[in-house]
Number of protein chains: 2
Amino acid sequence: MAPTRTRARRADAERSIALIVAAARSTLSCDPDATVDDIATAAGVGRMTVYGHFKTRPDLVEAALVDALRAGEETLSAVDLTGDPRDALSRLLASSWSLVSESAALLAAAEKVLPEGRIRDLHAGAADRIEALIRRGQDEGVFRTDLPLTWLVNVIQHVLHGAAEELRTGRLREAAVAEVVTRTVQSILAS
Amino acid sequence: MAPTRTRARRADAERSIALIVAAARSTLSCDPDATVDDIATAAGVGRMTVYGHFKTRPDLVEAALVDALRAGEETLSAVDLTGDPRDALSRLLASSWSLVSESAALLAAAEKVLPEGRIRDLHAGAADRIEALIRRGQDEGVFRTDLPLTWLVNVIQHVLHGAAEELRTGRLREAAVAEVVTRTVQSILAS
DNA sequence: GTTATCTCGTACAGGTGAGTACGAGTTAGA
DNA sequence: TCTAACTCGTACTCACCTGTACGAGATAAC
């Protein structure tokens, strides 16, 4: 239970926090071991300003993760998941592959500093949506049922992670990623 | 050019080195940031003994990587890769999935401390074998050709990595891994 | 049994990052 | 304009890890 603030935050503080969280997301996605100073520099603020808003580094990592998951949730909920599950899956992947792969890296950063249960709580809702879609596809007979559902969900995340890596190392152009990812995942799920 | 030793190593030293390298492989596979002390403890020797044989931590990481790649090479070369590429792939995966996924984790540890080129040199031969197999499958018309070869090789490694994670977190039993991995990879490669 | 080698504890130096303390200067908001 | 809130630099403490130095005791090899 956070002690209620005596007064609303000032606008500049609000802006600083937003800058810091955004910098934490992008910095930690590239380097899970980034220091508080790295993040402060990336945000264009002093290290002390960061500590003014986040008590400890784990607090900051958690804030970054929460923000990324919130953004992901927002993007995912805007996708039309009705109709043929295969088409829905393509739409889902096209609009969210980069976000999911970013979250994957952030998740790795979080696993080092946050208690296990905390992460599971935060991340629970995110995977639910794709799981539901796969289950519907299975019910309609267009997705395979010979492998565990949890495995299918997880292997898709790893494929996205792999795609992000190919992009980083320049073996795959950004324009080609969505196509490659979609084909690969469709192959994995096809019944 | 290493200065030639005046005399052969003593047997107990040889044994210590083997223990240390083995401990480094297993420890770094779980935690890429494991300290020299962690590894020494896992090996059942003192930290100073480690420094007696490996000048620096990067040297130790490299030795662990080299050893893992050598073991992988050994296992892979024992696999019969003739006949139907799909069957050959199954045999390859069955006998090497755990080794490859261990190498992947070790590789991540190595990337933090070794120069980029050094890693590429060491790892070059390993992926070649599976790449050759996939190419043969493509030539014979049983593997897809609509995705880049480098992507196919890489995504397989990520699938293996995902399987290793499922195993660690207990969502997949060890006995089931080979089956799940094989089915998944076959789906990805099928033309 | 002699000797060079090996093991490994203690102790140290150097570096780095987390988090705290203080305080001077700046700015938003009423 | 007045004040509380915010920014952020300097300067610390604390903890941890790396790598080195020294040295006493164990042991493999001859």
Side-chain angles (χ1 to χ4, degrees), chain A residues 2-24 27-28 30-65 108-115 118, chain B residues 2-24 27-28 30-65 108-115 118:
Chain A
T4 38
R5 301 185 61 84
T6 23
R7 187 174 304 198
R9 254 192 299 265
R10 253 169 52 177
D12 55 351
E14 212 78 60
R15 189 164 39 83
S16 281
I17 292 175
L19 283 172
I20 292 166
V21 170
T27 306
L28 290 172
C30 296
D31 176 14
D33 296 324
T35 67
V36 173
D37 197 51
D38 291 337
I39 295 169
T41 303
V45 303
R47 191 170 69 99
M48 301 322 300
T49 303
V50 174
Y51 277 111
H53 296 296
F54 301 93
K55 201 85 194 64
T56 66
R57 185 176 178 280
D59 284 351
L60 176 54
V61 172
E62 176 167 333
L65 181 61
E111 267 161 18
K112 296 190 178 186
V113 291
L114 299 182
R118 187 86 189 100
Chain B
T4 36
R5 301 183 62 83
T6 22
R7 186 173 303 198
R9 253 193 298 265
R10 250 169 54 176
D12 53 351
E14 211 78 62
R15 190 163 41 83
S16 281
I17 291 175
L19 283 172
I20 291 166
V21 170
T27 305
L28 290 172
C30 296
D31 176 15
D33 296 323
T35 67
V36 173
D37 196 50
D38 290 338
I39 295 169
T41 303
V45 304
R47 188 171 71 101
M48 300 321 302
T49 302
V50 174
Y51 277 109
H53 297 296
F54 301 93
K55 203 86 195 66
T56 67
R57 184 175 180 284
D59 285 350
L60 176 55
V61 173
E62 176 167 332
L65 182 61
E111 267 161 18
K112 296 190 177 186
V113 292
L114 299 182
R118 187 84 189 101

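Residue numbers begin at 1 in each chain, while the letters A, B, ... track the order of the sequences.
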> If you pin Thr56(B) and Val45(A) to their nearest nucleotides in DNA chain D, which one's is more 5'?
Replying inline: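 Result of the comparison: Val45(A).
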> So does Lys55(B) get a side-chain nitrogen or oxygen closer than 4.0 Å to the phosphate oxygens (OP1/OP2) of dT18(D)?
Replying inline: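 No, Lys55(B) has no side-chain N/O under 4.0 Å of OP1/OP2 on dT18(D).
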>> OP1 or OP2 of dC6(D) versus the side-chain N and O atoms of His53(A): is any pair under 4.0 Å?
In response: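 Result: no.
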Nearest whole Å is fine: how far is [N] [atom2] from [X] [atom1]?
X	N	atom1	atom2	answer
Asp59(B)	dT20(D)	CG	C1'	15 Å
Ile39(A)	dG19(C)	CD1	C1'	15 Å
Met48(B)	dG25(D)	CE	C1'	16 Å
Arg9(B)	dC30(D)	CZ	C1'	19 Å
Asp33(B)	dT18(D)	CG	C1'	14 Å
Leu60(A)	dG17(C)	CG	P	16 Å

Do [X] and [Y] have side chains that get closer than 4.5 Å, going by heavy atoms?
X	Y	answer
Glu62(A)	Leu65(A)	no
Thr27(B)	Asp31(B)	no
Ile39(A)	Arg57(A)	no
Val113(B)	Thr56(B)	no
Lys112(A)	Asp33(B)	yes

>> For the residue pair Asp38(A) / Thr41(A), report whether a side-chain donor-acceptor contact shorter than 3.5 Å exists.
In response: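 No, because no side-chain N or O of Thr41(A) sits under 3.5 Å from a partner of the opposite role on Asp38(A).
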Which nucleotide in [options] has an atom nearest any side-chain atom of [X]:
X	options	value
Arg10(A)	dA11(C), dA5(D), dA11(D)	dA5(D)
Arg57(A)	dT20(C), dG19(C), dC8(C)	dG19(C)
Tyr51(A)	dC8(D), dT20(C), dC6(C)	dT20(C)
Thr49(B)	dT18(D), dC8(D), dT7(C)	dT7(C)

>> Below 4.0 angstrom, which residues in residues 11-24 of chain A have at least one non-hydrogen atom near DNA chain D?
In response: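 Within this stretch, Asp12(A), Ala13(A), Ser16(A) sit under 4.0 Å of the strand.
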> Given Val50(B), which of Leu19(B), Ile20(B), Asp37(B) fulfils the side chain to side chain contact (heavy atoms under 4.5 Å, CB included) condition?
Replying inline: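 Between Val50(B) and the candidates, side chain to side chain contact (heavy atoms under 4.5 Å, CB included) is satisfied uniquely by Ile20(B).
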>> Using only modelled atom types and a 3.5 angstrom limit, is any donor from either the side chain of Arg47(A) or the base of dG17(C) paired with an acceptor on the other?
In response: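 No.
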